[in-house]
There are 2 protein chains.
Amino acid sequence: MSTEAASRRGVPDATVARLPGYLRALTALADDGVVSVSSEELSALAGVGPAKLRKDLSHLGSYGVRGVGYDVTMLAAEITEVLGLARDWPVAIIGMGNLGRALAAYRGFATRGFKVVAVLDHDERLVGLRAAGLVVQAMADLPALVREQGLAIGVIATPPESAQDVADQLVAAGVRSILNFAPVVLSVPGGVDVRKVDLGTELQILAFLAQQRTVPTTRTAEVS
Amino acid sequence: MSTEAASRRGVPDATVARLPGYLRALTALADDGVVSVSSEELSALAGVGPAKLRKDLSHLGSYGVRGVGYDVTMLAAEITEVLGLARDWPVAIIGMGNLGRALAAYRGFATRGFKVVAVLDHDERLVGLRAAGLVVQAMADLPALVREQGLAIGVIATPPESAQDVADQLVAAGVRSILNFAPVVLSVPGGVDVRKVDLGTELQILAFLAQQRTVPTTRTAEVS
DNA sequence: GTGTGTGAAAAATTTCACAGCT
DNA sequence: AGCTGTGAAATTTTTCACACAC
């Protein structure tokens with residue numbers, strides 16, 4: 001019954017991208033014992049405008065009370081449901097370089113509905129060693145992980161040269177969700193979702209914005 | 001002269017966000033000795049549609065030749081210019097935990113117009129130790145870094161509890177570009193740009209998409 | 001009175017399709 | 001003939017403003 005508007009297709013992408021932020025804010029409020037929030041307060045915590053928040057939430061259904069606000073616990077539960085975080089998602093991290101090890105050690109997976117069930121590396125010399133409490137496995141173990149652990153999400157933390165190869169192996173093993181930290185565009189068959197996190201891109205965007213501050217604007221004959 | 005449409009305000013945000021991808025593809029092509037590309041080829045390498053690529057590039061000016069394509073070197077130079085990467089941007093990484101050390105060790109800053117000039121940590125016990133070839137500095141050194149090294153970008157890789165505090169110190173020291181890896185919404189004064197990279201958010205979006213595949217669609221009475 | 005939910009308007013982004021330059 | 005550059009259309013996202021429920 002918690003599924004209604006929830007499972008209906010039609011939550012806009014832009015909204016989905018903001019739901020994790022709302023969930024985080026709600027979780028923090030719940031931890032502080034707060035029972036109810038207004039769109040004004042919640043939106044401030046999430047760093048968006050109140051109107052946007054209300055519009056976003058309206059796509060999930062009516063979980064607020066007019067004149068009052070939103071029930072923190074109930075709304076958090078609903079967003080958890082919509083995002084599919086009611087269950088735990090088994091995650092594997094591939095590539096035990098600096099980044100891979102840092103990701104493996106990252107606490108916060110557990111608290112957000114994810115469980116790192118394996119770390120793997122292409123390099124035979126690393127297989128068998130321990131990283132963040134897990135034994136590094138070989139790439140050949142992927143199919144078994146999918147079969148036996150229900151592995152659903154692969155995180156690629158390899159150098160760019162190996163990323164496509166790893167992606168192919170993940171797909172072949174049946175993984176259909178990939179988070180890619182390597183600075184390359186992966187090509188995958190339809191039905192597989194890839195999201196990319198790229199440090200370089202973010203810095204370059206910051207550089208653009210910083211430069212624009214320095215050279216404010218070319219006065220483009222704004223003589224009215 | 002390389003500045004024309006380049007420095008004019010009015011490059012859409014969505015376009016700016018894609019320029020780093022184009023630049024990366026162009027750099028790879030140049031390394032392979034390719035002289036000219038069509039929008040079709042370049043867009044495929046960057047993972048977007050050809051029409052979108054052409055529209056994006058049109059905001060920078062006319063750098064293609066009809067019937068031929070784009071000059072790889074020239075276009076790369078132009079995008080470099082527009083993004084403000086003609087100069088090197090001094091970067092500091094704050095927080096020498098797992099993630100901070102991984103970021104500090106990340107090669108790829110140098111090749112993209114950034115230089116890590118300092119790594120710092122709030123913890124006095126880490127100050128003076130070495131991380132990725134740099135001596136860890138104290139937070140109190142920030143103003144000097146800005147003054148003497150021209151530090152322009154701060155990367156926050158601390159636990160969430162300290163992130164706002166670090167942001168405040170960065171801003172106080174004069175840094176106006178922040179890349180935040182901590183899962184919190186930072187509040188900063190106007191004129192300061194913050195971009196956020198959040199592993200948890202990306203995974204949660206993947207979970208949503210994966211779940212939607214599982215429960216394709218609630219058949220919403222599509223009886224036509 | 002108060003704050004949500006939402007149509008409608010505005011703005012931004014994407015896609016189309018073709019004129020125009022080489 | 002071939003491929004860019006771009007108006008115009010289509011789509012998505014954001015913002016507004018107010019009726020409505022409590």
Side-chain angles (χ1 to χ4, degrees), chain A residues 4-6 8-22 25-26 29 34-76 78-79 82 205 208-209, chain B residues 4-6 8-22 25-26 29 34-76 78-79 82 205 208-209:
Chain A
E4 203 220 285
R8 180 175 308 145
R9 191 193 303 294
V11 182
D13 290 349
T15 294
V16 172
R18 283 186 293 265
L19 290 179
Y22 303 153
L26 286 166
L29 286 171
V34 177
V35 174
S36 177
V37 256
S38 65
S39 63
E40 191 86 42
E41 297 164 321
L42 182 55
S43 67
L45 289 172
V48 304
K52 195 182 282 187
L53 172 70
R54 290 204 300 279
K55 183 60 106 180
D56 281 342
L57 295 185
S58 77
H59 293 298
L60 314 185
S62 280
Y63 291 91
V65 180
R66 298 184 192 217
V68 180
Y70 300 90
D71 179 292
V72 172
T73 309
M74 188 165 299
L75 185 54
E78 178 56 23
I79 295 180
V82 171
I205 295 173
F208 171 82
L209 297 173
Chain B
E4 202 221 284
R8 180 175 309 143
R9 190 190 306 288
V11 182
D13 290 349
T15 294
V16 172
R18 282 185 295 265
L19 290 180
Y22 302 153
L26 287 165
L29 287 172
V34 178
V35 175
S36 175
V37 257
S38 65
S39 63
E40 191 86 40
E41 296 164 323
L42 182 54
S43 66
L45 289 172
V48 305
K52 195 182 282 186
L53 170 70
R54 290 204 301 278
K55 182 62 104 181
D56 281 343
L57 295 185
S58 78
H59 293 297
L60 314 186
S62 281
Y63 291 92
V65 180
R66 299 185 191 216
V68 179
Y70 300 90
D71 180 291
V72 172
T73 309
M74 189 167 298
L75 184 54
E78 177 57 24
I79 295 180
V82 172
I205 294 172
F208 172 82
L209 297 173

Of A:Ala51 and A:Val68, the one whose closest DNA chain C nucleotide lies more 5':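 So the residue in question is A:Val68.
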So, is [X] near the phosphate of [N], with a side-chain N or O under 4.0 Å from OP1 or OP2?
X       : N     : value
B:Tyr63 : D:dC3 : no
B:Ser39 : D:dT4 : yes
A:Ser62 : C:dG5 : yes

Take A:Val65 and A:Asp71 through the test side chain to side chain contact (heavy atoms under 4.5 Å, CB included) and record every step on the way to the result. CA-CA 8 Å; A:Val65 180; A:Asp71 179 292; over 6 Å; no
Let me know, please, whether A:Gly49 or B:Gly64 comes out on the 5' side of the other along DNA chain D by nearest nucleotide.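 Result of the comparison: B:Gly64.
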Starting from the 5' end of DNA chain D, give me the residue, B:Arg54 or A:Arg54, whose nearest nucleotide shows up first.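 First, find each residue's nearest nucleotide; the 5'-ward one identifies B:Arg54.
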How far apart are the closest heavy atoms of A:Lys55 and A:Ser58, and which atoms are they?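 Heavy-atom minimum between the residues: O-OG, 2.6 Å.
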At their closest point, which heavy atom of A:Pro20 faces which heavy atom of B:Ile205, and how far apart are they?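 Here A:Pro20 and B:Ile205 meet closest at CG-CG1, 4.4 Å.
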Option among B:Val34, B:Thr73, B:Leu75 that satisfies the side chain to side chain contact (heavy atoms under 4.5 Å, CB included) test with B:Leu29: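 Among B:Val34, B:Thr73, B:Leu75, the one meeting side chain to side chain contact (heavy atoms under 4.5 Å, CB included) with B:Leu29 is B:Val34.
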How many whole angstroms separate atom CG of B:Leu53 from atom P of C:dT13?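 Result: 17 Å.
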When the distance from CG of B:Leu60 to P of D:dT4 is rounded to whole Å, what number comes out?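 Those two atoms, CG and P, are 15 Å apart.
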Return the CG to CG distance between B:Leu209 and A:Asp13, rounded to the nearest 0.5 Å.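 Nearest 0.5 Å value for the CG-CG distance: 7.5 Å.
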Where the side chain of A:Arg66 is concerned, which of C:dC18, D:dA19, D:dC16 is the nearest nucleotide?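 For A:Arg66, the side-chain atoms sit closest to D:dA19.
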Shorter than 3.5 Å, N or O on both sides, protein versus nucleotides 11-14 of chain D: list them out with atom names.
unit_1: D:dT14; atom_1: OP1; unit_2: A:Arg18; atom_2: NH1; d: 3.0
unit_1: D:dT14; atom_1: OP2; unit_2: A:Arg18; atom_2: NH1; d: 3.2
unit_1: D:dT14; atom_1: OP2; unit_2: A:Arg18; atom_2: NH2; d: 2.8

